[in-house]
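Here's the structure, in structure tokens; my notes come after.
Every chain is numbered from 1, with letters handed out A, B, ... down the list of sequences.
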Number of protein chains: 2
Amino acid sequence: MPKKIGQRKTQQREIIFEIIKNAPGPVSVQEILEAANTDEQSIGIATIYRTVKLLLSSHLIQSVTLPDGQARYENAELAHHHHFHCNKCGVVTDINECCMHLHDNEVAGNLIESHEITFFGVCKACRA
Amino acid sequence: MPKKIGQRKTQQREIIFEIIKNAPGPVSVQEILEAANTDEQSIGIATIYRTVKLLLSSHLIQSVTLPDGQARYENAELAHHHHFHCNKCGVVTDINECCMHLHDNEVAGNLIESHEITFFGVCKACRA
DNA sequence: TTCATTGCAAAGTTTTTGCATCTTT
DNA sequence: AAAGATGCAAAAACTTTGCAATGAA
């Protein structure tokens with residue numbers, strides 16, 4: 001399955017896609033910007049926004065909108081999972097367990113095809 | 001349970017809270033602004049933003065983020081519920097049943113304080 | 001060499017803040 | 001009268017866009 005990112009494969013696009021793929025949870029544009037700007041490399045904010053849009057329309061990443069209203073992006077190839085949002089530090093991480101068992105695919109007369117769960121609380125690090 | 005809105009009860013705060021409470025669904029800041037500015041009354045945008053924050057921190061309203069990424073607000077007194085988003089007609093409805101039983105208030109080392117679930121599928125009307 | 005892509009800076013949007021004035025208590 | 005709340009306008013924050021320079025093919 002060839003991954004096509006725009007019409008040309010550039011260093012910036014590779015880096016941005018890698019950052020999103022390797023993150024422990026969905027990342028915001030600000031988080032991508034910080035990760036993309038190190039001593040060795042530097043990517044402009046406009047490129048980040050443009051690349052995120054490009055990756056979205058190529059279905060290589062997908063957006064996750066949590067109840068905090070902040071848009072975040074994650075690799076589109078991930079298995080079914082949910083998200084945990086720390087009320088203290090704001091970090092969002094993936095939760096691979098799914099405690100919902102939809103034997104019942106119907107709720108209140110509606111046919112359920114999928115679901116998204118966001119947990120809120122205090123993360124492992126903030127509890128310490 | 002007395003409802004305290006800030007330290008003073010003002011007309012603006014009453015109006016904004018009423019708009020949110022009486023709306024048929026969660027409303028955005030823009031929608032509140034439009035509803036609050038009629039021939040008879042006029043409320044500034046800064047007051048809307050300030051009041052929404054105040055109502056949120058007083059837990060009189062809560063924010064809901066629909067798949068369009070826009071932040072919306074609803075009365076917090078609605079019982080614990082979730083949302084169903086119809087993939088066909090786009091309508092969002094409340095789901096009053098909660099099939100999640102968090103006997104376990106810890107997941108992957110994180111302390112769980114609350115959760116939100118969004119179901120996606122085909123609504124009752126679209127199935128007909 | 002060609003032309004898509006980048007980075008900067010300017011322009012749009014959205015949200016917050018400072019401050020003088022107004023209103024609640 | 002005192003102190004919180006409002007409205008305006010300015011400022012800050014967040015996104016998008018134009019354009020000359022750059023770099024992938």
Side-chain angles (χ1 to χ4, degrees), chain A residues 2-20 26-58 60-74 85 89-92, chain B residues 2-20 26-74:
Chain A
K3 282 175 191 164
K4 202 180 171 202
I5 305 181
Q7 302 183 30
R8 287 181 186 175
K9 184 178 192 177
T10 68
Q11 257 197 302
Q12 289 89 335
R13 288 174 179 176
E14 293 269 291
I15 292 169
I16 293 168
F17 188 30
E18 285 302 311
I19 288 170
I20 296 171
V27 288
S28 65
V29 165
Q30 276 311 309
E31 289 169 328
I32 297 170
L33 183 68
E34 282 159 32
N37 285 284
T38 65
D39 298 327
E40 290 149 34
Q41 55 192 213
S42 161
I43 302 182
I45 184 83
T47 299
I48 312 258
Y49 278 109
R50 280 187 284 228
T51 303
V52 162
K53 283 200 163 180
L54 181 68
L55 293 171
L56 281 173
S57 65
S58 311
L60 287 170
I61 64 172
Q62 58 200 12
S63 71
V64 175
T65 309
L66 300 187
D68 68 356
Q70 167 96 72
R72 294 182 174 83
Y73 309 92
E74 67 183 7
H85 183 189
C89 67
V91 158
V92 176
Chain B
K3 283 176 191 162
K4 204 180 170 205
I5 305 181
Q7 303 184 28
R8 289 180 185 175
K9 184 179 193 175
T10 68
Q11 257 196 301
Q12 289 89 337
R13 288 175 180 176
E14 293 269 291
I15 291 168
I16 293 168
F17 189 29
E18 284 304 309
I19 288 170
I20 295 171
V27 289
S28 67
V29 165
Q30 278 309 309
E31 288 169 329
I32 298 170
L33 183 67
E34 281 160 32
N37 285 284
T38 65
D39 298 328
E40 291 149 34
Q41 55 191 218
S42 161
I43 302 182
I45 183 82
T47 299
I48 312 258
Y49 277 109
R50 280 187 284 228
T51 302
V52 162
K53 281 200 163 181
L54 181 66
L55 293 170
L56 280 173
S57 64
S58 309
H59 299 289
L60 287 170
I61 64 171
Q62 60 201 9
S63 69
V64 175
T65 309
L66 300 186
D68 64 1
Q70 166 98 75
R72 288 161 202 274
Y73 308 92
E74 67 182 6

*Would you indicate, yes or no, if C/dA4 has its OP1 or OP2 atom less than 4.0 angstrom from a side-chain nitrogen or oxygen of A/R13?*
no
_Tell me the interatomic distance from A/I48, atom CD1, to C/dT5, atom P, rounded to whole angstroms._
16 Å
Please produce a list of atom pairs where a protein N or O lies less than 3.5 Å from an N or O of nucleotides 13-20 of chain C.
from, atom 1, to, atom 2, distance (Å)
C/dT15, OP2, B/Y49, OH, 2.1
C/dT15, O5', B/Y49, OH, 3.1
C/dT16, OP1, B/K53, NZ, 2.9

_Qualifying residues under side chain to side chain donor-acceptor pair (under 3.5 Å), relative to B/S57, sequence neighbours excluded_ = none
*Terminal helix-axis angle for the helix from C/dT1-D/dA25 to C/dT25-D/dA1, with five pairs defining each axis and rounding to 10 degrees*: 30°
*A/R8 side chain near C/dT6 phosphate (N/O to OP1/OP2, under 4.0 Å)*: no
Would you list the atom pairs, donor with acceptor, under 3.5 Å between side chains in residues 26-35 of chain B and any protein atom, with sequence neighbours excluded?
from, atom 1, to, atom 2, distance (Å)
B/S28, OG, B/E31, N, 3.2
B/S28, OG, B/E31, OE1, 3.4
B/E31, OE1, B/S28, N, 2.8

*Rounding to a whole Å, what distance do you find between A/I43:CD1 and D/dT22:C1'?*
15 Å
_From B/Q11 atom CD to B/E18 atom CD, the distance as rounded to the nearest 0.5 Å_ = 12.0 Å
_Run the side chain to side chain donor-acceptor pair (under 3.5 Å) test against A/E74 and tell me which residues pass, sequence neighbours left out._
A/Q62, A/H81, A/H83
*Hey, is the side chain of B/T10 poking within less than 4.0 Å of OP1 or OP2 on D/dT6, counting only N and O atoms?*
yes
*Could you grab the distance from atom CD1 of B/I19 to atom CD1 of B/I43, nearest 0.5 Å is fine?*
6.0 Å
*Between CG on residue A/L56 and NZ on residue A/K53, distance to nearest 0.5 Å*: 9.0 Å
*Taking CG from A/L54 and P from C/dA4, how many angstroms apart are they, rounded to a whole number?*
14 Å
*Counterpart residues, side chain to side chain donor-acceptor pair (under 3.5 Å), relative to B/T38 (two or more places apart)*: none
*For the pair made of CD in A/Q11 and P in C/dG7, what is the distance, rounded to whole Å?*
10 Å
*Measure from CD on A/Q41 to C1' on C/dT6 and round the result to the nearest Å.*
15 Å
*So, is B/T47 near the phosphate of D/dG7, with a side-chain N or O under 4.0 Å from OP1 or OP2?*
yes
_Qualifying residue for side chain to side chain contact (heavy atoms under 4.5 Å, CB included) with B/I16, from B/T51, B/L54, B/I61_ = B/T51
*If you take all heavy atoms of A/Y73 and A/I20, which pair is closest and at what distance?*
O-CG2, 3.7 Å
